[in-house]
Amino acid sequence: QQPVQSPQAVILREGEDAVINCSSSKALYSVHWYRQKHGEAPVFLMILLKGGEQKGHEKISASFNEKKQQSSLYLTASQLSYSGTYFCGTEINQAGTALIFGKGTTLSVSS
Amino acid sequence: GAVVSQHPSWVICKSGTSVKIECRSLDFQATTMFWYRQFPKQSLMLMATSNEGSKATYEQGVEKDKFLINHASLTLSTLTVTSAHPEDSSFYICSARLWGYNSPLHFGNGTRLTVT
């Protein structure tokens, strides 16, 4: 079942922060985050596994609350290069099957 | 890092013709590859899971006779869109995992298919 992402779109100025949420109606084993620029393939950002861990990548970090079956992506001090569409991809077991992606959140950062 | 190569990057074909898209894992062996389709400003929708040496597994609503998938080797999966129609115009992206669970999906660069 497709995870639900919110918000659908975010408009920021450089240096501002944003939070993107991803929630599932099913128990999750892992959550993956990707960023896609227009006309390009998605690029992997990070993966969070069951266990409530939090990961970081430069000024982008994420958390995973397995009890709430949700994950949040935190973008701090946003840069122009952060613009794009962010997708969360989820899997419900360790089978290594395909990810099911949310509808995406479009982030626009301006100077 | 793991590299997935997809070819062609774009293709324009006439309605009724067939188009083949190739997906190769360049520096690792992929027993499983995943094919996604993405319409403009929409999400990545899983079409099928390609399994090396066996039949592909298709998602509900995806016509297996229209979207033929062949995974003949550990590094190559192909998607053939048969008797293409304008509604098949979309962005097709293949992906693979370097190893099983706990590893990310590595995507090819995608193929933009336009059917006229």
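Per chain, numbering begins at 1; letters A, B, ... match sequence-line order.
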- Message: For B:Gln38, which atoms come within 4.5 Å of any heavy atom of chain A: side chain, backbone, both, or neither?
- Response: side chain
- With a 4.5 Å limit on heavy-atom distance, are the side chains of B:Phe107 and A:Tyr34 in contact? yes
- Message: I need the B:Met45 CE to A:Lys103 NZ distance, nearest 0.5 Å.
- Response: 9.0 Å
- Should we say atom NZ of B:Lys66 is surrounded by more than 12 heavy atoms from elsewhere, each under 6.0 Å from it? yes
- Item | Contact origin within B:Ile93 toward chain A - heavy atom pairs under 4.5 Å | side chain
- Item | B:His7, NE2 atom: more than 12 neighbouring heavy atoms under 6.0 Å | no
- Task: Could you tell me which portion of A:Gln36 (side chain, backbone, both or neither) has an atom closer than 4.5 angstrom to a non-hydrogen atom of chain B?
- Result: side chain
- Query: Has A:Gln8 got more than 12 heavy atoms of other residues, nucleotides or ligands less than 6.0 Å from its CD?
  - Reply: no
- Task: Take atom CG of B:Leu74 as the centre, draw a 6.0 Å sphere, and report whether it contains more than 12 heavy atoms from other residues, nucleotides or ligands.
- Result: yes
- Query: Applying the 4.5 Å side-chain criterion to the ILVMFWY set and letting contacts propagate, would B:Phe34 and B:Tyr92 be lumped into a single cluster?
  - Reply: no
- May I ask you to name which of A:Gly104, A:Ser30, A:Pro42 has the most heavy-atom pairs under 4.5 Å with chain B? A:Pro42
- Message: Atom CG of residue position A:Asn21 - does it have more than 12 heavy atoms of other residues, nucleotides or ligands inside 6.0 Å?
- Response: yes
- Shortest non-hydrogen contact from A:Glu40 to B:Phe91? O-CE2, 3.8 Å
- Note on the structure: A:Gly102 and B:Ser43 have their tightest heavy-atom pair at O-OG, 2.5 Å
- Message: Can you confirm whether more than 12 heavy atoms, excluding those of A:Lys37, are under 6.0 Å from its NZ atom?
- Response: yes
- Message: Membership question, hydrophobic clusters at under 4.5 Å side-chain separation (ILVMFWY): are A:Tyr82 and A:Leu12 in the same one?
- Response: yes
- Message: Angle between ring planes, B:Tyr36 versus A:Phe101, binned at 30° and 60°: parallel, tilted or perpendicular?
- Response: perpendicular
- Query: Can you tell which of B:Thr49, B:Leu46, B:Leu105 has the highest number of heavy-atom pairs within less than 4.5 Å of chain A?
  - Reply: B:Leu105
- Task: Look at B:Arg97 together with A:Glu91 and state whether they make a salt bridge at an N to O cut-off of under 4.0 Å.
- Result: yes
